[in-house]
J.: 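I have a structure here, written as structure tokens, and I will follow up with some questions on it.
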Amino acid sequence: MGQPVRRQGKLAARIVSQIEELIAARRLASGDQLPTEREMAALLRVSRPSLREAIRILEARGRLVVRHGRGVFLGEGHPDPAAFPTALRAGATELTERELLDMREALEVSAAAWAAERISETQLTELRSALDEMTALAHDADPSELTRLDARFHLTVANAANNRFLRHVMGVLLDLTRPAVERSLAIPGRVVRSWPDHERIYAALRAHDPTAAGNAVRAHIRAARTVNTINSSG
């Protein structure tokens, strides 16, 4: 560690690898805090904006959790989607956005129902935190930041379902659908309109109501699919 990150290729991908090396070198476990953004940027000899992009990628994969005002932590129980079978991951990149959103609906409805039965108070607090940050940034945040918070919310639901394979697949799907989600959240007013969807999901999970949780997720993803279809055709 501590060597300059080479500039050729995709810098964010290279910084992701360096962060993974840092995690391994320091033998960090789930829930452990990583060095501060300033410290990591100096250690890897990269700009802080480039570092933030790499952190967003790892958060979308479920490897890291960013807690506003507190720091960056190693994801609790989230496996690394880079270890996902290569052939399947490569094939997934050829799918259309509609196909990927269909798979998210199929998986996340079940995940929400399971999560409603198994979610902990700590996980409910994490969901509340992601929602509050998203609401606070709704009118002036960069779409990539909103996408990061959206992924954090959905990965926490998947983690609460307490199924390791599901968490793994969800990390891959959220990674692949990130461009579509970011385009959707860039539409003026979209975050404000989607806020009630997330609140309904949260309320159903807090009430430990599997049916309501599944229905809320289904409605949320179908609304997102409609917005993406209109935006693409426009």
Side-chain angles (χ1 to χ4, degrees), residues 59-62 65 75-79 81 84-85 88-89 91-93 95-131 134-135 146-185 187 190-191 193-232:
E59 185 173 32
R61 293 178 178 177
V65 175
E76 183 178 350
H78 290 145
F84 203 69
L88 183 55
R89 187 177 179 85
T93 62
L95 298 175
T96 65
E97 289 181 2
R98 180 188 61 77
E99 289 173 310
L100 291 169
L101 285 171
D102 284 347
M103 284 308 302
R104 279 194 60 179
E105 179 179 335
L107 289 172
E108 289 195 66
V109 169
S110 294
W114 294 336
E117 298 175 339
R118 306 165 185 172
I119 196 164
S120 68
E121 285 300 319
T122 298
Q123 289 163 334
L124 283 168
T125 298
E126 179 69 22
L127 288 177
R128 185 70 264 164
S129 174
L131 279 178
M134 194 180 298
T135 301
L146 294 170
T147 302
R148 178 186 70 78
L149 291 169
D150 182 78
R152 173 179 158 192
F153 179 90
H154 288 281
L155 280 169
T156 301
V157 175
N159 191 41
N162 197 25
N163 182 295
R164 288 176 294 176
F165 185 77
L166 173 66
R167 288 198 301 265
H168 204 151
V169 175
M170 278 304 305
V172 173
L173 275 174
L174 287 169
D175 205 11
L176 292 170
T177 57
R178 179 179 174 181
V181 173
E182 191 165 323
R183 282 198 303 274
S184 174
L185 293 177
I187 299 171
R190 172 59 185 156
V191 177
R193 290 193 296 273
S194 69
W195 179 81
D197 289 351
H198 288 96
E199 285 290 341
R200 280 189 285 271
I201 295 169
Y202 173 79
L205 292 172
R206 187 157 192 83
H208 301 286
D209 186 333
T211 300
N215 288 339
V217 166
R218 181 182 292 107
H220 172 58
I221 294 176
R222 289 185 178 180
R225 183 191 292 114
T226 299
V227 169
N228 284 340
T229 299
I230 294 173
N231 193 42
S232 297

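The analysis underlying the following values was restricted to heavy atoms, covering all of them including side chains, and did not include hydrogens, waters or symmetry mates. Throughout, numbering of the chain's residues begins at 1 and tracks the sequence.
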J.: Quick check against the 3.5 Å criterion: does T156 have a side-chain atom that pairs as donor or acceptor with the backbone of R152?
T.: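 Flag set: sc T156 to bb R152 pair under 3.5 Å.
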J.: Between A160 and Q123, what is the shortest heavy-atom contact and its length?
T.: CB-OE1, 3.5 Å
J.: Among H154, E108, R104, which one satisfies side-chain contact (heavy atoms from CB on, under 4.5 Å) with H220?
T.: H154
J.: Between H198 and F153, how do the two ring planes meet: parallel, tilted or perpendicular, split at 30° and 60°?
T.: perpendicular
J.: Which pair of heavy atoms, one from A112 and one from L205, lies closest together, and at what distance?
T.: O-CD2, 3.5 Å
J.: Out of curiosity, L127 CG to T122 OG1, how far, rounded to the nearest 0.5 Å?
T.: 11.0 Å
J.: Using only atom types and a distance under 3.5 Å, with no angle test, would you say the side chain of H208 pairs donor to acceptor with the backbone of A116?
T.: yes
J.: Hey, what do you get for CD (E121) to CZ (R128), rounding to the nearest 0.5 Å?
T.: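 It is 13.0 Å, given to the nearest 0.5 Å.
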J.: Test of understanding: with ring pair (Phe, Tyr, Trp, His ring centres under 6.0 Å), list the residues that count as partners of Y202, not counting sequence neighbours.
T.: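 Expected list: none.
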J.: How many angstroms lie between CZ in F165 and CE in M170, if you round to the nearest 0.5 Å?
T.: 12.5 Å
J.: Measure the spacing between CD of E182 and CG of D150 and express it to the nearest 0.5 Å.
T.: 11.0 Å
J.: Below 3.5 Å, can you tabulate the donor-acceptor pairs from side chains in residues 209-218 to any protein atom, sequence neighbours excluded?
T.:
unit_1, atom_1, unit_2, atom_2, d
D209, OD1, T211, N, 3.2
D209, OD1, A212, N, 3.1
N215, OD1, R218, NH1, 3.1
N215, ND2, T211, O, 3.3

J.: Check whether any side-chain N or O of R167 sits under 3.5 Å from a backbone N or O of A158 as a donor-acceptor pair, and report yes or no.
T.: no
J.: Are the side chains of E126 and V65 in contact, using a 4.5 Å heavy-atom criterion?
T.: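 In short, these two side chains touch, coming nearer than 4.5 Å.
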J.: Please report the interatomic distance CG(L174) to CG(L155), rounded to the nearest 0.5 Å.
T.: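 Reported value, rounded in 0.5 Å steps: 5.0 Å.
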